[in-house]
Amino acid sequence: MLILFDHGTPRGLARALPGHTVITAKARGWDRLSNGALLNAAEAAAVDLLLTTDQRIRYQQNPTGRKIAIVVLAGTTKWSRVRLHLERIAAVVNGALSSSYTEVDIPFM
């Protein structure tokens with residue numbers, strides 16, 4: 001699966017996703033695109049899943065009919081907290097289907 005990390009997604013998370021190819025919005029020059037334009041660019045590049053920290057995306061974009069799945073890290077994105085939930089995040093990513101939207105809650109404490 002080809003996974004796109006947006007600018008807020010902790011890069012260390014890539015190590016918890018073996019068997020997948022991870023690219024970043026910044027490396028592709030997409031870091032300044034709005035959510036809709038980012039999803040369009042990602043789909044055109046055959047990206048399967050967007051892993052983002054932007055919780056507003058659920059109100060701005062409708063995943064229905066899209067080829068890309070969206071997984072949102074909700075709560076904190078502090079690496080010391082995120083790393084405690086790597087298995088759960090990986091399970092959600094591995095089970096994501098195109099047009100799906102899933103939030104993974106990362107508690108602050």
Side-chain angles (χ1 to χ4, degrees):
M1 181 182 304
L2 182 58
I3 300 172
L4 174 64
F5 281 17
D6 79 349
H7 67 277
T9 305
R11 294 182 62 136
L13 187 52
R15 291 188 300 273
L17 302 171
H20 299 292
T21 301
V22 174
I23 59 174
T24 65
K26 183 171 181 148
R28 288 288 178 113
W30 299 339
D31 52 323
R32 296 192 182 264
L33 296 178
S34 67
N35 285 335
L38 177 62
L39 289 172
N40 291 339
E43 284 183 325
V47 171
D48 300 299
L49 184 138
L50 169 64
L51 189 53
T52 182
T53 58
D54 185 354
Q55 296 175 52
R56 296 171 298 161
I57 198 169
R58 82 182 302 177
Y59 305 107
Q60 298 169 345
Q61 301 298 316
N62 182 356
T64 304
R66 287 207 173 262
K67 298 174 190 166
I68 194 168
I70 300 170
V71 174
V72 177
L73 298 180
T76 184
T77 58
K78 188 174 179 182
W79 177 244
S80 63
R81 302 302 305 160
V82 170
R83 67 187 180 96
L84 300 175
H85 301 275
L86 295 178
E87 288 182 21
R88 194 161 50 95
I89 295 166
V92 169
V93 167
N94 291 333
L97 302 172
S98 53
S99 300
S100 66
Y101 174 91
T102 310
E103 287 188 6
V104 179
D105 186 49
I106 308 297
F108 288 92
M109 299 291 253

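- Going from atom CZ of Arg32 over to atom NE2 of His7 covers 10.5 Å, rounded to the nearest 0.5 Å.
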Query raised in the report: Are Thr77 and Ile106 close enough, and set up right, to give a side chain to side chain contact (heavy atoms under 4.5 Å, CB included), and what steps lead you there?
Result: CA-CA 7 Å; Thr77 58; Ile106 308 297; over 6 Å; no
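- The OG atom of Ser100 sits 10.0 Å away from atom CD1 of Ile68, with the distance rounded to the nearest 0.5 Å.
- Side-chain contact between Asp54 and Asn35 is present, with at least one heavy-atom pair separated by less than 4.5 Å.
- Residues Phe5 and Leu17 are in side-chain contact: their nearest non-hydrogen atoms beyond the backbone lie under 4.5 Å apart.
- Not one N or O on the side chain of Glu103 forms a donor-acceptor pair closer than 3.5 Å with the backbone of Val72.
- Note: Leu49 CG to Lys67 NZ = 15.5 Å, rounded to the nearest 0.5 Å.
- Nearest heavy atom pair, residue Arg28 against residue Ala45, reads NH1-CB, 3.7 Å.
- Heavy-atom minimum distance, Trp79 versus Leu86: CH2-CD2, 4.0 Å.
- Among all heavy-atom pairs drawn from Ala25 and Leu4, the shortest one is N-CD1, 3.4 Å.
- Tracing side-chain contacts under 4.5 Å through hydrophobic residues (I, L, V, M, F, W, Y), one reaches Ile57 starting from Trp30; they form part of the same cluster.
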Report task. Carefully, step by step, assess Asp31 and Leu38 under the rule side chain to side chain contact (heavy atoms under 4.5 Å, CB included). Result -> CA-CA 8 Å; Asp31 52 323; Leu38 177 62; over 6 Å; no
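- Between Val82 and Pro10 the shortest side-chain heavy-atom distance falls below 4.5 Å.
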Requested in this report: Check the pair Val71, Ile3 against side chain to side chain contact (heavy atoms under 4.5 Å, CB included), reporting the backbone distance first and the verdict last.
Outcome: CA-CA 10 Å; Val71 174; Ile3 300 172; over 6 Å; no
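- Nearest heavy-atom pair across Ala69 and Leu97 is CB-O, 3.2 Å.
- Using a distance-only test at 3.5 Å, with no hydrogens or angles considered, a donor-acceptor pair links the side chain of Ser99 to the main chain of Arg66.
- Nearest heavy-atom pair across Leu33 and Ala41 is CD1-CB, 4.0 Å.
- At least one side-chain heavy atom of Arg88 sits less than 4.5 Å from a side-chain heavy atom of Val104.
- Taking CD1 of Ile89 as the reference point, atom OG1 of Thr9 lies at 9.5 Å (rounded to 0.5 Å).
- Side-chain contact between Thr21 and Met1 is absent, with no heavy-atom pair separated by less than 4.5 Å.
- Between the side chain of Gln60 and the backbone N or O of Gly36, no donor-acceptor pair lies under 3.5 Å.
- A heavy-atom distance below 4.5 Å is not found between the side chains of Leu51 and Asp6.
- Of all heavy-atom pairs spanning Leu2 and Val47, the tightest one is O-CG1, 3.5 Å.
- Between Asn94 and Val92, every side-chain heavy-atom pair lies at or beyond the 4.5 Å cut-off.
- Atoms NZ and CG, on Lys78 and Leu73 in that order, are 16.0 Å from each other to the nearest 0.5 Å.
- In terms of hydrophobic clustering, with Ile, Leu, Val, Met, Phe, Trp and Tyr side chains grouped at heavy-atom distances under 4.5 Å, Val93 and Ile70 are assigned to different clusters.
- Within the 4.5 Å cutoff, side-chain heavy atoms of Arg58 are placed close to those of Tyr101.
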